[in-house]
Novice: 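Handing you this structure, nothing more for now.
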There are 2 protein chains.
Amino acid sequence: MAVRATDQIIHKAAWLYYTHGLRQDEVARRLEISRASVALYLRKARENGIVNISTSTHLFRQDVTARRIEDAFGLEAVWIVGREGLTADPAGEVPTLAANVFLEMIGNGERVGVAWGRTVYAMADAMSYADFEGVTVVQLCGNLGAPYSYRPDQCTMEIARRVNAKGLNFYAPLVLSSDRLARELRAEPVIREQLDSIDACDLALFSVGSLDADSHVIKCGALTLDELSALKRNGARGVIAGQMIAADGALLSCDYNRRVISADLASIRAIPKRLVVAQEEAKVAPLLAAFAGGFCTHLVASAAIGERLLEHIEAGTGGPAAAKP
Amino acid sequence: MAVRATDQIIHKAAWLYYTHGLRQDEVARRLEISRASVALYLRKARENGIVNISTSTHLFRQDVTARRIEDAFGLEAVWIVGREGLTADPAGEVPTLAANVFLEMIGNGERVGVAWGRTVYAMADAMSYADFEGVTVVQLCGNLGAPYSYRPDQCTMEIARRVNAKGLNFYAPLVLSSDRLARELRAEPVIREQLDSIDACDLALFSVGSLDADSHVIKCGALTLDELSALKRNGARGVIAGQMIAADGALLSCDYNRRVISADLASIRAIPKRLVVAQEEAKVAPLLAAFAGGFCTHLVASAAIGERLLEHIEAGTGGPAAAKP
DNA sequence: CATCATGATTGACAATTGTCAATCATGCCC
DNA sequence: GGGCATGATTGACAATTGTCAATCATGATG
């Protein structure tokens, strides 16, 4: 992005204050402006990501639960937020941690795919501004036409804005009414290109959808309750980027999936770093399916989920990962 | 590194204060300690890299000079510190900027090679603490036996300490008295292994040595003035990781180079990201040789050097890069 | 068991920073 | 040109933070 003249002075103030450790009045004197302005510039510098203040997320990885989950499911890294709930807003803990982990995982010049969901939206909201260079954020799944508040394109754009990246949205509905139409739309060059570009991602961010009555796919109107029950009877256990997966993580063979426009599951699996975020306990079964399908390399989860996963591990046999000696 | 119990509370305080934006008194209340302790913990968190405050270095890349140098020499990125000299300590500007750029270039899990020199040492000194994960810092060249203050192993260890990395030193002298001895020592498994591990580096950090009477090679006793003059007559134009290079960037064929124990120049060139730092004007000729030899992908330099390089570019023909239409 | 040394913790005060209403510059429109 | 809207800048005060001497634990030692 181009540098406005006013950025120049903000940058200088930030450099002197944060990097060289001068006091605000010293910075003011050196730049020949009032101290109040310095304070103002510094705030802007923080807000725009010219200055980046980040707290290490290591603490949350040192949790014993996190370690055991990593081992049991063969994940590269797991972060579990504390049981106690440090803040007044326990619901915000997972997205906040996830946002920090996500930022740590991005590198300059990388391409990042994001799906959507309440959690991902909350993450975007909690994410601090950072000034990466050459980062691209691509949308992993189609949009929902409804005036639903957590739209995939909004997630993508907001995250792109926060990390100073280029956002690559794609404007197709998530679900169409017919298989045929979906196929035709997928073949459209604009859409095709976008879907293909997902293969080149270095990092993916998504949550897993559950299949409750108040799950995301229902709330956003992609499915009716009846359709959902039918899918569950057919073996659906979770939702990844809008697509139904079975307990073994495979794409469920069903009419619904054929009507969806979204990242190919194989493409998602081909992305080297895949961060999954889960908050509510209802996400446990979908998570296990996602692990089984190899969709996840990095996980941020609540303490409640951590405990359920541990129980699952201890129950022995069950998990697909138990097959991994 | 293992987490001491006391780190836990420091980390929590930092998380609440920096990530959740609570005030110190709120943090104190929540953790049931005095606010004075919170202030203390926060300071420690900053000092240990639990909290990372970094200022974007983009400003220094937006300099017109920087852009032109990038283009002319085909470098990926160039940073030039401002002419004016923002701080009271102009000599510290280049190392400080370089330290920040260097930290931005490191990624978790990467292997970083560092050579040494006054500038590199000053960088280590100006570098803030960061808590990377799985980073290894390897020494690129042999040591100097003399009680010289900027020893290669010190640079390596200090940088490793700052970025929370494992340091891989190697204890061989930089220059030996005979070709034969150097060859034999290079063949020793301990040394061989270390030298080979350089190939696996993701990032290299070094300066280029000049060939003045007060240059590093002289000051540290690697060469006498007479030997240096002889080498210069033979075509030596700069020093990279202890080795003499000619104007075209090739390793000078000379007795001295055969007596040196250091990273193979081809290995250095094979490292994907190669950050070169240069401060004094005497470094211009060595820099041009380094560019010619393809040793540099990223450059941090003083305004004075920037200007000299520009003049060189404008002089037209000269540069090897001029051949790059 | 008393004594001392060491390091963590705190209360109280000083220093620094954040904020906001008031003022100043700038550009636009009539 | 005058009036007006918009946004930048500042002075002055309030809020927050840094510091340090004093106090409190802890554990080692005679």
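Everything numeric in this text was worked out from a predicted model, so none of it was measured. Below, chain A is the first sequence line, B the second, and so on; all start at residue 1.
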Novice: Partners of A/R61 by salt bridge (Lys or Arg N to Asp or Glu O under 4.0 Å), sequence neighbours excluded?
Specialist: A/E70, B/E133
Novice: Between A/E32 and B/R43, which has a closest nucleotide on DNA chain D that is more 5'?
Specialist: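 It is A/E32, whose closest nucleotide lies nearer the 5' terminus.
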Novice: Need two values: the first and the last nucleotide of DNA chain D, 5' to 3', having an atom under 4.0 Å from any heavy-atom of chain B.
Specialist: D/dT16 to D/dT19
Novice: At 4.0 Å (heavy atoms only), tell me whether A/R35 reaches a base, stays on the sugar-phosphate, or touches nothing.
Specialist: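 Base contact.
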Novice: Run the salt bridge (Lys or Arg N to Asp or Glu O under 4.0 Å) test against B/R43 and tell me which residues pass, sequence neighbours left out.
Specialist: none
Novice: Both A/Q24 and B/L40 contact DNA chain C. Which one's nearest nucleotide lies toward the 5' end?
Specialist: B/L40
Novice: Quick one: salt bridge (Lys or Arg N to Asp or Glu O under 4.0 Å) partners of A/R29, sequence neighbours excluded?
Specialist: none
Novice: Once salt bridge (Lys or Arg N to Asp or Glu O under 4.0 Å) is applied, do any residues pair with A/E104, and if so which ones, sequence neighbours excluded?
Specialist: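 With sequence neighbours excluded, A/E104 shows a salt bridge (Lys or Arg N to Asp or Glu O under 4.0 Å) to no residue whatsoever.
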Novice: Which residues satisfy the side-chain contact (heavy atoms from CB on, under 4.5 Å) test with A/T156, sequence neighbours excluded?
Specialist: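 A/T156 satisfies side-chain contact (heavy atoms from CB on, under 4.5 Å) with A/V114, A/V137, A/Q139, A/N169 once adjacent residues are dropped.
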